[in-house]
Amino acid sequence: MIEIQQEFLKCMRCGNCQAVCPIYKETKMEAEVARGKIQLIKGVTEGVLKPTEYLAEKIATCLTCLACQENCPSGVNYEKILLYGRDYLAKENGLPPVKKAIFKVLRKPRLFNFGLKMASRFQGLAMKKVKGRSGRKLRFGLLEDHENRLLPEFSKETLVEKARSKQTSGKEKLLYFPGCMINNVYVNVGEAVIDVLKHNGAQVVVPEKQSCCGTPARVHGDIESAKSLGRYVIDTYLATDADYVITSCSTCGVTLRQGYVELFTDEPEYLEKAKKLAEKTRDINEYLVEKGFIRPKKLNLKVTYHDPCHLNRKLKVNKQPREILKAVLGGNFREMKKPATCCGGAGSFSLTHYPLSKAIGRKKALDIIETGAEVVATSCPGCMLQLNDALAKQGSNIRVFHVAELLAEGYKEK
Amino acid sequence: MEALAKLEKILGSAKIKTQTEELFVYGYDATAGLKNQMPLAVVFPESTEEVVEIVKWANEYKIPLYPRGSGTNLSGGTIPAAKGVVVELNRLNKILEIDLDNLTATVEPGVIINDLNEAVKPYGLIYPPDPGTVTTATMGGSVAECSGGLRGLKYGVTKHYIMGIEAVIGTGELLKFGGKTVKNVTGYDLPALMVGSEGTLGIITKIIVKLIPAPVAKKSFLAVFNSIDDAGNAIAEIIKNRVIPATLEIMDQTTIRTVEKFKNIGLPVNAQAILLVESDGYPEQVEMEAKIIRQVLEKNRGEVSEAKNDEEREKLWEARRAALPALAQVSPTTVLEDATVPRSQVPAMLKKLKEISEKYNLIIGTFGHAGDGNLHPTILTDETNREEWQRVEKAVEEIFKAALELGGTLSGEHGIGMAKNRFLLWEMGEAGVNLLKRLKLAFDPNNILNPGKMA
Ligand SMILES: Cc1cc2nc3c(=O)[nH]c(=O)nc-3n(C[C@H](O)[C@H](O)[C@H](O)COP(=O)(O)OP(=O)(O)OC[C@H]3O[C@@H](n4cnc5c(N)ncnc54)[C@H](O)[C@@H]3O)c2cc1C
Ligand code: SF4
Ligand code: SF4
């Protein structure tokens, strides 16, 4: 409590966060920029404000892109305040019923995977295929204004299933943590990651026991669900003596590298394990550059790169993907205007706040289109989903790939 | 409340907020140590006509209005002192015209200063006023505060760039002051009166500003001094030599040490002061000025380094830009003042600040626009420490007394607002304050606009 009060006081209310907050740029509402949210959270914890649903909604209106934190002259740890606030409100108010139900499923890895599997079987009922784009549109609006939303297809076979046939031996033993999106949806990204690592002489294993990393639950204040998932992941991934654990999703990467250590501060046993896991974990871009990857053949494609917020701001992985892309593309790599601004996806934010998410995505899409690129690369499946939708909305045929997919292509080129 | 229901009818429900959570965040601005005071409502007009309607409504019900831009002011200027309605102008944010023949721009008040600069950049033009908050502050707010910034010495401050203003005065009448002509002596200088009026005379709805050609060349120096006097003499001598740099900034030892602690950029922690000097303009002129600047700095025992390219210039500026952020990280509360003295008195003021910091046992880091005498003594404290806060208040008083004694002013660029009300008499005298009040009544007979500020 004292610690968080110190954090509140650090905010000198200068308003600098307004300049970089994608939400404030759209809504121009003080309650929706970091300065406002910090004051609201301070107010509610001090008892000046009541923990109303309205307040919870204001606190929910945030991409957790952390642009504000990066730009804050006083060094306010905004993320810490936000998570504290959400946790506090979740305890006071309880979670909204829909989220509660979702997190309940999330907590049970097997049930969760079964659910996603079912989704892949039945998606045809609710979604129709879109010609010329990889993805489907919702046939009818499940949620307000989602009618024309472009969603990716669930894969019939998960990555875990596909990876069984791909296992080989190699000099370094790597465990790959695909995360929900890649295991179930962007399976080709996962395959590309495995191919790339194998091409570089490593042995890659994808453990059969998969689950969500727990971040969606954590950022919405459901700490218990997050912890239960965390323990599962930690135990699964520490069970073998792999040299590294590889991630290819911005969110999962940050969770394995930093999130669990923060989450288990009050559980010494798991804190120790979390630290061990953190030491072993590398984002795919990071790992490849650290080890010195085999140079690919050049692809003749114009490509730009979108920085996933957390990979860039929390893990500071931003040079590595560019190094890889330049190796694959040479002079064909081109930067967009502000590659590090949030695409507006932000995980479940795009479900709960679709109109706002769409407006933010639109700006990103326009920046991408302006570069004249044929492909936008990124390092996070969540961003891929959002970018695909945003570009489709602009009638653009720019394609979206993970950096690993382009590198894998470069290795295939004769 | 009936009055609010009526206001909602006038504006439509999307442009008015009355939920506690929304009101709470309009109860503060960037000023340290002032209490959060919630308004009755916040309104978001999207046209001049709506502003007129709002002011008329306020007159009918005698409810105060508090104009607001981005709320980054440092004088309590936007805090709703009595129960009233905050008029948030950030949705009036169109650049209406860039007139390349007359070198003017016409903007709505909610345009962010930096956005105007980005818009005129392709034409080789700039709008020079650049407060530390250029990327967030609005044009309306900066006109109402007459903001300054780093380029004040050579290029002046907001008031030197305002040619015309459209505003709704306190009666609800829409007026136009000035225009696009370079010269204008019709009647009193009313645009000038609106500049720095802190939202007490009218709500500004349109602004015509002067643009100037962007300088094509730049040279930047950093000079390290082992005595404050040497640094002070260097400042005075540069100007005596008929050189007006674009920027002439100072950082004192406390600031240097703090910046070094947080940034590790290799600043000399034993130095008493650092000066940052930048000359800009045409290449030949910059060459000539740079020579003189270097000579003067060296003659006064400054250890000079010069930026050889943009990258090195960025490095020099990093130190200055880090000043406030670094100071802000030392302690929970950062009290940023802007006592201003004639530039010849900068060394005397710096000495005085040192005495005050020792007397009240407070950490005061001083940096600022030495070239124009505008210093930012920054007190590092913790507002929850009552005993220390009392010392801070006393120190602040003494800082202003000292500035006035040296022929200076209470505020160089941050305005009076609520924070410095109590010192106004010291500088203006009773007759002066009374005249302010009568002027206010002429514009705003019912005292609707931003009551409780400035006088
Ligand atoms: C870190 C930091 C650094 C700063 N650096 C500088 C600096 O270098 N130089 C400087 O001069 N200032 C500086 N400031 C102060 C402040 O940023 C400026 O005064 C800025 O111009 C205020 O703009 P705003 O849009 O935030 O106005 P607000 O704070 O919203 O309002 C300021 C005043 O203007 C009135 N107002 C706002 N809009 C209108 C309108 N349309 N019509 C009538 N009245 C209106 C308000 O009632 C209030 O009195 C700094 C502040 C901070 C926090
Ligand atoms: S930038 Fe930092 S200190 Fe300034 S208002 Fe935002 S959170 Fe507070
Ligand atoms: S995290 Fe992003 S969206 Fe949230 S307040 Fe900060 S800048 Fe805005």
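Values below: every heavy atom of this structure, side chains too, minus hydrogens, waters and symmetry copies.
For B:Thr384, the part lying under 4.5 angstrom from a heavy atom of chain A is the side chain only. Neither the backbone nor the side chain of A:Val76 comes within less than 4.5 Å of any heavy atom in chain B. Neither the backbone nor the side chain of B:Asn36 has a heavy atom closer than 4.5 Å to any heavy atom of chain A. At a 4.5 Å heavy-atom cutoff, the contact between A:Leu55 and chain B is made by backbone and side-chain atoms alike. Heavy atoms closer than 4.5 Å to chain A are found in the side chain of B:Phe44, but not in its backbone. Only the side chain of B:Asn93 comes within contact range of chain A, with heavy atoms under 4.5 Å apart.
Taking 4.0 Å as the cut-off between side-chain N and carboxylate O, A:Lys58 and B:Glu22 count as a salt-bridged pair.
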Checklist entry - Passes side chain to side chain contact (heavy atoms under 4.5 Å, CB included), B:Gln329 versus A:Met12? Steps please. => result CA-CA 10 Å; B:Gln329 291 188 29; A:Met12 56 171 176; over 6 Å; no

Checklist entry - Could you go step by step and tell me if A:Glu30 and B:Tyr28 meet the side chain to side chain contact (heavy atoms under 4.5 Å, CB included) rule? => result CA-CA 11 Å; A:Glu30 180 75 24; B:Tyr28 57 74; 2.9 Å; yes

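A 4.5 Å side-chain heavy-atom check between B:Lys17 and A:Met29 finds at least one atom pair inside the cut-off. For the pair B:Ser70 and A:Gln18, the minimum side-chain heavy-atom distance is below 4.5 Å. A:Lys50 is not listed as a side-chain neighbour of B:Thr20, based on a closest heavy-atom distance of 4.5 Å or more.
Looking at B:Glu21, its side chain never comes within 3.5 Å of a backbone N or O of A:Thr52 through a donor-acceptor pair. Side-chain atoms of B:Arg91 do not come within 3.5 Å of backbone N or O of A:Lys28 as any donor-acceptor pair.
Crowding of B:Ile363 atom CD1: a count of heavy atoms from other residues, nucleotides or ligands under 6.0 Å not exceeding 12. Enclosure of atom NZ in B:Lys83 by more than 12 non-hydrogen atoms of other residues, nucleotides or ligands within 6.0 angstrom is indicated. Annotation: A:Arg322, atom CZ; neighbour count of heavy atoms from other residues, nucleotides and ligands within 6.0 Å is above 12.
A distance of 9.0 Å separates OG1 of B:Thr72 from CG of A:Asn16, quoted to the nearest 0.5 Å. Rounded to the nearest 0.5 angstrom, A:Ser74 OG and B:Leu324 CG are separated by 7.0 Å. A distance of 13.5 Å separates CD in A:Gln39 from OH in B:Tyr26, rounded to the nearest 0.5 Å. To the nearest 0.5 Å, atoms OG1 (B:Thr334) and CZ (A:Arg13) are separated by 10.0 Å.
Between chain B and the residues A:Val44, A:Leu40, A:Val48, the most heavy-atom pairs under 4.5 angstrom are made by A:Leu40. When the candidates B:Thr136, B:Asn73, B:Leu327 are compared by the number of heavy-atom contacts under 4.5 Å with chain A, B:Thr136 comes out ahead.
When all heavy atoms of B:Val25 and A:Gly36 are compared, the pair lying nearest together is CG1-O, 3.7 Å. Listed here is the closest heavy atom pair of A:Gln6 and B:Pro332: OE1-CG, 4.1 Å.
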